[in-house]
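Structure, as structure tokens:
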Amino acid sequence: MMKKKFAVLMMMGLVVSSMILPVSAEEGDTYKIGVCQLMEHTALDAAYEGFLEGLKEAGYEEGVNLEIDMNNAQGDQSNCATIAAKLKNEDCDLVLAIATQAAQACANEITDTPIVITAVTDPAESGLVDSNEAPGANLTGTSDLTPVASQIAMIQKLVPDAKTVGVFYNSSETNSKLQADMAIEAGEELGYTMETYTVSATNEIQQVMESMVGKVDALYIPTDNMLASNMPTVALVANPAKIPVICGESGMVENGGLITNGINYHDLGVLTGQQAAKILEGADPAEMPIEYCDESSYTYTINEDTAAEIGIEIPEEFLGGENAES
């Protein structure tokens, strides 16, 4: 295990500037990775599967030379803290944290084991790193920042007569607020009246959605974990009311939204797995910048069933990506 090797090297007098000393993989080694995932939903699950694929491509395979301790917090912040404390006391070589709350819990608890994060929009803004360019400690990873402005701009083609656009998010998610602010700025620049709607618990979603009916011409939801895992509830109100829902990511479209143009979370996970492999092979996370999906990989995802239900004809320029059935 990496920590044991670190102790041996310290006894030998090999001192490094970083608190973490990743050690190159050796034939016959088995590495242990602890995982803290905020909740189960399409995007986060895809990021995890991509992470395993990225590691496998680099020669690290579960059951062969890799042990995975997978933990899901089921959307509960206190569970994230409990999982982080558990992983701190385990002999992990690396910890993966999926989503902002999971990343914050692990960063607060774990200081002597490398951490890679994913599905976090802005790690610096969330207080996880010194800067996205130079993290500065034992944590690095990937950002799921989406092209918010271009997603808002799609409304011009989808609903040409739209005047009022709603922005809906969980007020307790830092990165959701960040994206919501970006969406409001982008919408106002296009001349829309932007109306903000927030929730702090899942049992509020349907009531808040119902309050929008007749007030908004379109709705934008960023990559918000609570709403992503409850898109069927959103669609239950939005689609009969013929409110087109532009989403931050494809899993939300698959679960009832109308359209997105954004990152692929599986690809994001692969990128994260590649980072983890580099750390296992000796890279220092303090010096590894936060990485982003290349814009060339952005794809349109359209829910054709939703489009038919709300009577929206998808412009030709948005076709050719992925089609999702609700």
Side-chain angles (χ1 to χ4, degrees), residues 1-11 16 18-40 44-45 47-56 58-120 123 126-129 135-142 269 272-286 288:
M1 293 291 184
M2 189 180 297
K3 286 184 182 177
K4 294 177 181 177
K5 293 180 180 178
F6 177 52
V8 171
L9 287 170
M10 290 293 289
M11 292 173 61
V16 294
S18 172
M19 293 177 62
I20 306 299
L21 183 63
V23 178
S24 298
E26 298 176 2
E27 187 174 355
D29 284 341
T30 296
Y31 292 87
K32 181 174 181 177
I33 295 179
V35 180
C36 179
Q37 180 172 323
L38 175 63
M39 64 174 65
E40 292 176 311
L44 301 188
D45 294 346
Y48 175 64
E49 292 302 322
F51 175 77
L52 295 181
E53 183 176 316
L55 281 167
K56 185 175 181 180
Y60 300 92
E61 185 174 359
E62 186 175 10
V64 178
N65 59 355
L66 190 65
E67 178 186 349
I68 301 289
D69 179 8
M70 177 61 182
N71 302 271
N72 195 298
Q74 303 301 327
D76 189 324
Q77 180 70 49
S78 63
N79 287 345
C80 288
T82 300
I83 292 167
K86 170 196 168 189
L87 295 177
K88 177 183 179 180
N89 294 321
E90 293 185 355
D91 198 13
C92 294
D93 294 308
L94 183 141
V95 169
L96 168 68
I98 307 176
T100 304
Q101 291 95 324
Q104 290 171 328
C106 289
N108 288 338
E109 190 72 39
I110 301 168
T111 58
D112 61 352
T113 298
I115 301 171
V116 290
I117 64 173
T118 191
V120 176
S126 299
L128 293 165
V129 294
N138 63 316
L139 183 150
T140 189
T142 58
T272 315
Q274 292 169 348
Q275 288 181 316
K278 290 175 184 177
I279 292 171
L280 294 178
E281 292 164 0
D284 184 352
M288 298 173 65

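Keep in mind it's a predicted model, so treat the numbers as computed, not measured. Along the sequence shown, residues are numbered consecutively beginning with 1.
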Anything under 3.5 Å between a donor and an acceptor, one on a side chain of residues 97-106, the other on a protein residue two or more places apart or in another chain? List them.
from: Thr100; atom 1: OG1; to: Asn175; atom 2: ND2; distance (Å): 2.3
from: Gln104; atom 1: NE2; to: Ser126; atom 2: O; distance (Å): 3.2

Subject >> Straight-line distance of Leu96 CG to Leu55 CG, nearest 0.5 Å >> reply: 8.5 Å
**OP:** Could you tell me the separation between the CG atom of Leu139 and the OG1 atom of Thr113, rounded to the nearest 0.5 Å?
**Re:** 11.5 Å
**OP:** Could you grab the distance from atom CG of Asp91 to atom NZ of Lys32, nearest 0.5 Å is fine?
**Re:** 7.5 Å
Original post:
Run the side chain to side chain contact (heavy atoms under 4.5 Å, CB included) check on Leu52 and Tyr48 step by step: do they pass?
Top reply: CA-CA 6 Å; Leu52 295 181; Tyr48 175 64; 3.8 Å; yes
**OP:** Specify the closest pair of heavy atoms between Thr118 and Thr142, including all atoms of both residues, with the distance to one decimal.
**Re:** OG1-OG1, 2.7 Å
**OP:** Check whether any side-chain N or O of Asn65 sits under 3.5 Å from a backbone N or O of Thr30 as a donor-acceptor pair, and report yes or no.
**Re:** no
Subject >> Where Ala137 and Asp284 come nearest, the two heavy atoms and their spacing >> reply: O-OD1, 4.3 Å
Subject >> Heavy-atom closest pair, residues Met288 and Ile279 >> reply: SD-CG1, 3.6 Å
**OP:** Find out whether Asp112 and Asn138 are in side-chain contact, i.e. whether some heavy atom of one side chain is under 4.5 Å from a heavy atom of the other.
**Re:** no
Subject >> Tyr60/Ile33 under side chain to side chain contact (heavy atoms under 4.5 Å, CB included): CA gap, chis, key distance, verdict >> reply: CA-CA 11 Å; Tyr60 300 92; Ile33 295 179; over 6 Å; no
Original post:
Can you name the closest pair of heavy atoms from Gln37 and Asp45 and give their distance?
Top reply: NE2-OD1, 2.8 Å
Original post:
Side chains of Lys88 and Ile110: closer than 4.5 Å at any heavy-atom pair?
Top reply: yes
Original post:
How many angstroms lie between atom CG of Asn79 and atom CG of Leu38, to the nearest 0.5 angstrom?
Top reply: 9.5 Å
Subject >> salt bridge (Lys or Arg N to Asp or Glu O under 4.0 Å) partners for Asp69, two or more places apart >> reply: Lys86
**OP:** Please report the closest heavy-atom contact between Pro285 and Thr140, naming both atoms and the distance.
**Re:** O-CB, 3.6 Å
Original post:
When rounded to the nearest 0.5 angstrom, what is the spacing between CG in Leu87 and CD1 in Ile115?
Top reply: 9.5 Å
Subject >> Non-neighbouring partners of Glu53 that pass salt bridge (Lys or Arg N to Asp or Glu O under 4.0 Å), sequence neighbours left out >> reply: none
Subject >> Rounded distance (nearest 0.5 Å) linking atom CD1 of Ile83 with atom CE of Met70 >> reply: 8.5 Å
**OP:** Specify the closest pair of heavy atoms between Ile117 and Thr272, including all atoms of both residues, with the distance to one decimal.
**Re:** O-CG2, 3.7 Å
